[in-house]
Structure formats: structure tokens, C-alpha cells
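Reviewing the structure listed below.
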Amino acid sequence: MKKAGLVFFIVLQMGFAFAQNKTGVSGIVLDAKTQRPLAYVVVSIQNTNVMQLTAIDGKFNFDDLIVGDQLLLFHSQGYKDALFPVIIEAGQRLDLGTIMLEEDEILDQQRSLIRLFENELTDDNSGSESTSGLLQSSRDAFQQAAAFNWGQARFRIRGLDSENAMTMINGVSMNKSYDGRPQWGNWGGLNDAIRNQEFTIGTAPSDYTFGGILGTQEINTRASIYRTGTRITVSGTNTNYRGRIMGIFASGMNSSGWAFVVSAGKRYADEGYFEGTTYDGNSLFLSVEKKLNDNHFLNFTGFYTPNSRGKNSPNSTEVTELTGETYNSYWGYQDGKKRNARVKTIEEPILMLNHYFKINDHSNLNSSVMFQLGKIGNSNLDYQNANSPDPTYFRKLPSYYSSMYGKDEGEYSGAFMPDNENAEKSSIQFLANPQIDWNSLYRANQNPVVDSNGNITGYEAAKSHYVLYEDRTDD
């Protein structure tokens, strides 16, 4: 009995020893910047199917691993992958301690640039165009694919406009005071100059602002953070413009404590993808930084991007089938040249002064003052006591007659009787005059001068029936 008890005691002790030294790996994953635990980080053993997610407190724990050399991979969206070689020994538990994951701030050019697809934007108050840049600037693959790449179908995250997101430059909000939306055209064509960006998606916390429910976008134009060198870009496209040329030069911080960045660009098109859509955009950018001492820095930023573009009309299926997908009803010939009645013009220079104060290793104070002036204009045709100048006005289309109800002695009989004869005539008339007739608009605004023989010898000014006006916002 004594021997049996001794054997049982020895076996029990060995069981405790193996239980305490069970083969495995453990640790905790933290954010390298905030030192906070990261939950739901994928921790996997390379070349095996062993994988688990970190807990709320950032901890992970593997048991019963294969003995030998292994590779641990840590992966989480928005962070750089971390790969650690470890040696697994039988009966030994390896504690890796804290694993720091750094934010992945290296984005390819496609994802870090604001791309403006303005050719399909017809809303004069910029409500429909304001989500384009937000989506294209995002890291999210779905949002990038959805941003105007569906053609004229506009996509909005959860049906929300970009007034629910915050766009900032050097800590200053670029959302307009009167509608809450950023005017993306204010920095259009400065792709290389605004590459330094940080994003948050949804309600994720931002280092710069409380933001909105669609997230935040911070653009940093501090001269000393730009990659030193010169870059020239020449591009061609068949969308809203035909050609683009951009150039940028960054000096880096020199021995005298000065750094500057200069950028300029040009986008142009006699006609974009849609008929009659002219485009003329110029871009100028300057950023100068002065290092006062190790704790104080001053940075001046100024940019001016005057641009104008002819808009294109949203067309019904009937109009597209009669004319084609590139048809645009907003233009017409005048003196042998195409003239668009709806032109958007943006001329808003922005000046900004920033003071960066490094209080200590843990605290910084950034102060900014920004001044913006200029105008945004949207032209359009108005008419009084006259027919609509729009060639696609519904009474001018064949469907107006082909969908009419038959008349019986001046009263509607209620029976569907398409007027195919007039529908055919309307189709012929529309195809013969598919654009705005500028000359007829001028004539309608004048009274004919008739001689004694009843012949029209000229025209004189009269009360205008047609007016080309401009909706203006002067900030």
C-alpha cells in the first residue's frame, strides 16, 4: 500500500508539473501610439490552421502547439502586419509580453488622393457632389468602388451626405458654414500637395476633432513633412477633362530652419466625355515653414484653384435611345461654337497660418487661423411667358403624344389612344433640333422692326423672355 501510494503521489506531482509547463505561447497586443489593448486582432501560426482573435483586453493564448520553430503573424485592419519568429519547446510556455502594432499610414496613390468626378454633378448647391471625394479618399475598398464608379447612380454611405463628415486642413474645418459640406473644388488638382492625409471611418476616434458619424479626413500641408524632391505628372483621360499636368517641388528643412513646397497644375478640355462639357482648371499651392526653435514652428499655406466646367444633363431612357449616352441638352451652337448654359465656376483662394508648439514629449498645441474669400457661381437659363428652352422638355418629346389619352369633342374619353402621327413628327423635330437654339433666344428678347412694305429690317430691344443668370455664393 505504501508503494502504491508513493507511485500515485509521484504521478500526481508530474501531472501538476506538466500542467504548469504546458507547451504554448501567450501575450498582449497594444496600439503603439495610444498604448491601449487591441481587441479582435488576428493572431495566427504561419503554415498551420491555428488562429485566434485577441480578447477585449488584447490578450491571446495558444496551447498545445507543435514543437519547433514557428512564425506568429499579427494582423488587424488599419495596422501594419507584425511577424515574430518563436521557438516552441516541449513543456515550456513562452510569454511574448506586449506586442506593439503600428498604424499603417502608407497608402498607395490611388487611395490617398481626392479624385473628383465632376462630369456627372448637376446639383447647384453641391449636395450631390460632396460625397465623391470623401468616398474616393477612404481606405475602404467598397467605398472606393462605390464612389461614382457606378456612373450616374450616386452612392451615399447609409444615405448620409458629407455634411455628416468632417474634412480638415491643418486642423481647420473645411465644411462650409451655411450647409456643412466641404467644397472639394477648392483644392482640386493639388493631388500631390494634399497627399498627407489621415482618415477615420464612421464614429472611430480622431486625433484632430470629434468629427461626425461619417468619419473625419485630416489633410496636413506642413512643409517639413513632405518628401524632398521634384515630381511632374502628365495624365490623359476621357472623363470630365482630357488632359492634366501637375508639378511639385519640396525642399525639406534646410540648415537655416526653412522648408517650402510649391505646386502647380492645369486641367483642361474643349469637351469632356459628354457633349458640350468644357473644363478649365488651374491650381497653385505654396507652403512655407520656419523653425523658430526646437519647440516652436510657423507654417504658412496658401492655395488658389480657379476652375470652371460645363455641366451635363441627366437624361431619361427615351432621350438616350434617341440621341446616345453622351448627349447633353445644356449646350447649343452660337457663332459656330458650342456654348453651355450651365457652367459652374469656383474661385476661392484660401490662406492659412499655423503655429506648432511642442510643449513636451507628451503634449502639443497647434494654433491655426484661416481666411477664405471668393465666389462660387452656377449659371442657368430662366424663361418668362415663353416656351422652355430645354430641348428635352417633356412636351417636345415623342412620349408626350404616344402616351396621351384620346379626346372626344374636347373631353377626355378615358380610352388610351396614342397619337402616333404627332409622336413621329415630334421625334423628327427633336432630332432636327436637339440642342439649345441661342439665336432664337436672342430674337425672342427683341421686337422686330418692320418697314412700310411689311419686311423685317432688324430687331430692337424688348422685355426679355429668356435670361441667363447665375446663382452666386460669395464667401
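The analysis underlying the following values was restricted to heavy atoms, covering all of them including side chains, and did not include hydrogens, waters or symmetry mates.
Between the side chain of Thr233 and the main chain of Ile245, no donor-acceptor pair closer than 3.5 Å is present. Put simply, the side chain of Asn299 gets close to the backbone of Ala223: a donor and an acceptor are under 3.5 Å apart. Counting only distance, with no hydrogens or angles, the side chain of Ser379 and the backbone of Ala341 share a donor-acceptor pair below 3.5 Å. With hydrogens and angles disregarded, a donor-acceptor distance shorter than 3.5 Å links the side chain of Gln435 to the backbone of Asn328. Although no hydrogens or angles enter the test, the distance criterion places no donor-acceptor pair under 3.5 Å between the side chain of Asp280 and the main chain of Asn307. Of the possible donor and acceptor atoms, none in the side chain of Lys338 sits under 3.5 Å from a partner among the backbone N and O of Thr278. A donor-acceptor pair is defined here as one N or O able to donate and one able to accept, closer than 3.5 Å; such a pair exists between the side chain of Thr305 and the backbone of Asn186. Under the 3.5 Å distance criterion, the side-chain polar atoms of Tyr466 are matched with a main-chain donor or acceptor of Asn387. Between the side chain of Ser308 and the backbone N or O of Val343 there is no donor-acceptor pair closer than 3.5 Å. At least one donor-acceptor pair under 3.5 Å links the side chain of Arg242 to the backbone N or O of Gly272.
Donor-acceptor pairing under 3.5 Å is lacking for the side chains of Glu289 and Tyr356. Side-chain atoms of Tyr273 and Glu325 form a donor-acceptor pair, as typed in the model, at a separation below 3.5 Å. With 3.5 Å as the limit, one finds no donor-acceptor pair spanning the side chains of Ser287 and Thr221. Remark: the Lys266 side chain and the Asn282 side chain contain an N/O donor-acceptor pair separated by less than 3.5 Å. Using modelled atom types, one finds no donor on one side chain facing an acceptor on the other under 3.5 Å when comparing Ser388 with Asp390. Between the side chains of Tyr333 and Asn439, no donor-acceptor pair is found at a separation under 3.5 Å.
Counting all heavy atoms, side chain and backbone alike, Leu214 lies closest to Ala165 at CB-CB, 3.6 Å. Closest approach of Tyr226 to Asn220, counting heavy atoms only: OH-O, 3.9 Å. Residues Leu397 and Thr392 approach most closely at CD1-O, 3.6 Å, considering heavy atoms. Nearest approach of Phe60 to Leu96, heavy atoms of both residues: CZ-CD1, 4.2 Å. Across all their heavy atoms, Glu347 and Tyr304 have their closest contact at CB-OH, 4.0 Å.
The side-chain heavy atoms of Lys33 and Asp207, taken from C-beta on, include a pair separated by under 4.5 Å. For the pair Ile350 and Met370, the minimum side-chain heavy-atom distance is below 4.5 Å. Two residues are said to be in side-chain contact when any heavy atoms from C-beta on lie closer than 4.5 Å; Gln70 and Val25 fail this criterion. Between Thr200 and Tyr208, the closest side-chain pair of non-hydrogen atoms is not below 4.5 Å. Between Val43 and Thr54, the closest side-chain pair of non-hydrogen atoms falls below 4.5 Å. Contact of the Phe297 side chain with the Asn354 side chain is not registered, since no non-hydrogen atoms from C-beta on lie closer than 4.5 Å. Asn175 places a side-chain heavy atom less than 4.5 Å from the side chain of Met166. Ser76 has its side chain out of reach of Val29: every pair of non-hydrogen atoms, C-beta onward, lies at least 4.5 Å apart.
In this structure, CD on Glu163 lies 12.0 Å from OG1 on Thr167, to the nearest 0.5 angstrom. Atoms CZ and CG, on Arg181 and Asn164 in that order, are 9.5 Å from each other to the nearest 0.5 Å.
Using a cut-off of 4.0 Å between Lys/Arg side-chain N and Asp/Glu carboxylate O, Lys176 and Glu348 are scored as salt-bridged.
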Evaluation steps, side chain to side chain contact (heavy atoms under 4.5 Å, CB included), between Thr473 and Tyr178: CA-CA 10 Å; Thr473 300; Tyr178 58 84; 3.7 Å; yes

Could you walk me through whether Met246 and Asn191 pass the side chain to side chain contact (heavy atoms under 4.5 Å, CB included) test, one step at a time? CA-CA 8 Å; Met246 299 186 303; Asn191 303 57; 3.7 Å; yes

Do Met174 and Val172 pass the side chain to side chain contact (heavy atoms under 4.5 Å, CB included) test, and can you show the C-alpha distance, the side-chain angles, and the key distance before you say yes or no? CA-CA 6 Å; Met174 293 291 108; Val172 179; 3.9 Å; yes

Taking it one step at a time, do Tyr327 and Thr320 satisfy side chain to side chain contact (heavy atoms under 4.5 Å, CB included)? CA-CA 7 Å; Tyr327 171 74; Thr320 301; over 6 Å; no

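Between Phe74 and Phe84, a ring centre-to-centre spacing shorter than 6.0 Å is recorded.
For Leu365, the CG atom is densely surrounded, since the number of other residues' heavy atoms within 6.0 Å is greater than 12. Around CG of Asn254, the count of heavy atoms belonging to other residues, nucleotides or ligands within 6.0 Å exceeds 12.
Test Arg342, Glu275, Lys311, Arg339 against Tyr330 for side-chain hydrogen bond (donor to acceptor under 3.5 Å, both in side chains) and you get one pass: Arg342.
Ring geometry, His296 versus Phe357: the interplanar angle falls under 30°, so the pair is classed parallel (tilted spans 30 to 60°).
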